[in-house]
Number of protein chains: 2
Amino acid sequence: MQRKSLISDECPIARSLERVGEWWSILIMRDALHGLRRFDEFSRSLGIAPNMLTRRLNGLVEVGMLERRPYSQRPLRYEYVPTAKGEDFRMVLMSLVAWGNRHYAEEGTSVEVVERQTGRAVQPMMATAEGQLIPLDQCVVQAGPAASTGMRQRLESIPQ
Amino acid sequence: MQRKSLISDECPIARSLERVGEWWSILIMRDALHGLRRFDEFSRSLGIAPNMLTRRLNGLVEVGMLERRPYSQRPLRYEYVPTAKGEDFRMVLMSLVAWGNRHYAEEGTSVEVVERQTGRAVQPMMATAEGQLIPLDQCVVQAGPAASTGMRQRLESIPQ
DNA sequence: CAGTATCCTGTCCGATACTG
DNA sequence: CAGTATCGGACAGGATACTG
């Protein structure tokens with residue numbers, strides 16, 4: 001992931017992808033958010049080569065998605081737990097699950113996202129802080145105070 | 001993306017990533033959903049090498065995210081427009097934007113997602129079909145009717 | 001303008017072997 | 001159990017030149 005193009009600085013999507021853009025990283029986050037903690041747990045769950053697992057785990061720690069926490073001295077052993085930032089990534093994963101469900105349900109396993117207590121189906125939507133739902137097509141990405149002029153023009157030219 | 005591991009069949013996230021897991025593909029979808037249509041538009045917006053653009057564009061057409069549509073005969077010219085599946089991917093992108101905003105706002109450009117008419121800030125949340133918001137930590141991924149036993153156990157073991 | 005054709009590099013990833 | 005050390009292959013991605 002050495003794209004380092006101009007857009008990386010400008011676009012929040014590109015910026016995000018730079019950190020978690022790798023396939024395994026996302027899958028590891030999925031498992032971490034499912035409660036997996038230890039090297040061996042990830043290893044078995046994912047069937048990933050150990051060197052890759054080490055690399056991705058370290059990478060996720062570096063970008064602040066996971067925290068490395070000793071759970072045993074002698075021998076020194078670490079477990080990997082999601083940070084607040086990593087925990088917050090759950091929403092992205094949920095969106096991905098929901099999207100995949102809608103479009104790839106036929107093939108193989110079907111899953112659904114539900115409210116734990118009632119079992120009612122839930123799906124990602126946009127909403128205001130007051131809890132009012134806003135249709136997706138009413139939502140636009142807007143340049144914030146710190147946006148550069150270039151980015152501002154980019155955004156304002158969006159028909160959407 | 002030749003991972004073809006067992007999980008790919010079982011997990012909706014892995015399945016989704018198999019289609020759109022590449023960096024450029026996601027960025028292209030972002031631009032397509034912003035209204036860009038033509039080769040040249042993508043090319044300029046992304047600064048991507050033309051061969052890569054062709055490759056990714058074809059890939060996205062193949063997996064059904066974009067539709068190739070002739071907009072001129074002689075010479076025969078195509079434009080690329082999001083299919084329903086591609087359009088639906090917008091929610092995932094919005095989640096990614098929102099997440100990136102919350103955690104990478106400080107560096108470089110800051111943007112925000114707002115309701116177009118009122119300018120009120122909006123964010124992705126989980127909700128039922130009736131529009132009732134459900135806190136993320138109350139949401140679980142549940143095996144649907146078609147789920148295999150293995151997957152079912154995986155999911156049920158989630159503490160979450 | 002909308003690509004195709006080549007060539008090249010980096011690195012993601014897999015497989016396997018080894019260690020305290 | 002939790003990694004480290006190597007090796008090799010596939011391919012994403014970059015750069016550049018060329019075409020109807």
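Reminder, nothing fancy here: chain letters follow the sequence lines and each chain counts from 1.
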Looking only at side-chain atoms of B/R55, point me to the closest of D/dT4, C/dG14, D/dG13.
D/dG13
Where A/F42 and A/I48 come nearest, the two heavy atoms and their spacing
O-CG2, 4.5 Å
Of the listed C/dG14, C/dG3, D/dC1, the closest approach to the A/I48 side chain comes from C/dG14
Using a cutoff of under 3.5 Å, can you pull out all pairs of nitrogen or oxygen atoms linking the protein to nucleotides 16-20 of chain C, with atom names and distances?
residue: C/dG20; atom: N2; partner: A/R77; partner atom: NH2; Å: 3.1

Side chain of B/W23: nearest nucleotide among D/dG13, D/dC1, C/dC13?
D/dG13
For residues 49-59 of chain B, which residue pairs qualify under side chain to side chain donor-acceptor pair (under 3.5 Å), counting only residues two or more places apart or in two chains?
B/E22-B/R56
State whether a side-chain donor-acceptor pair under 3.5 Å links B/Q142 with A/R116.
no
Indicate whether OP1 or OP2 belonging to C/dC12 is found under 4.0 Å from a side-chain N or O atom of A/R56.
yes
Sort by first number and list every stem of DNA chain D: at least 3 consecutive Watson-Crick or G-U wobble pairs, both distances under 3.5 Å.
C:1-20 with D:1-20
Distance-minimising heavy-atom pair for A/A129 and B/Q123
CA-NE2, 4.5 Å
For the side chain of B/R38 and the base of C/dA2, is some donor closer than 3.5 Å to an acceptor across the two?
no
Identify whether the distance between the nearest side-chain nitrogen and carboxylate oxygen of B/E41 and B/R44 falls below 4.0 Å.
no
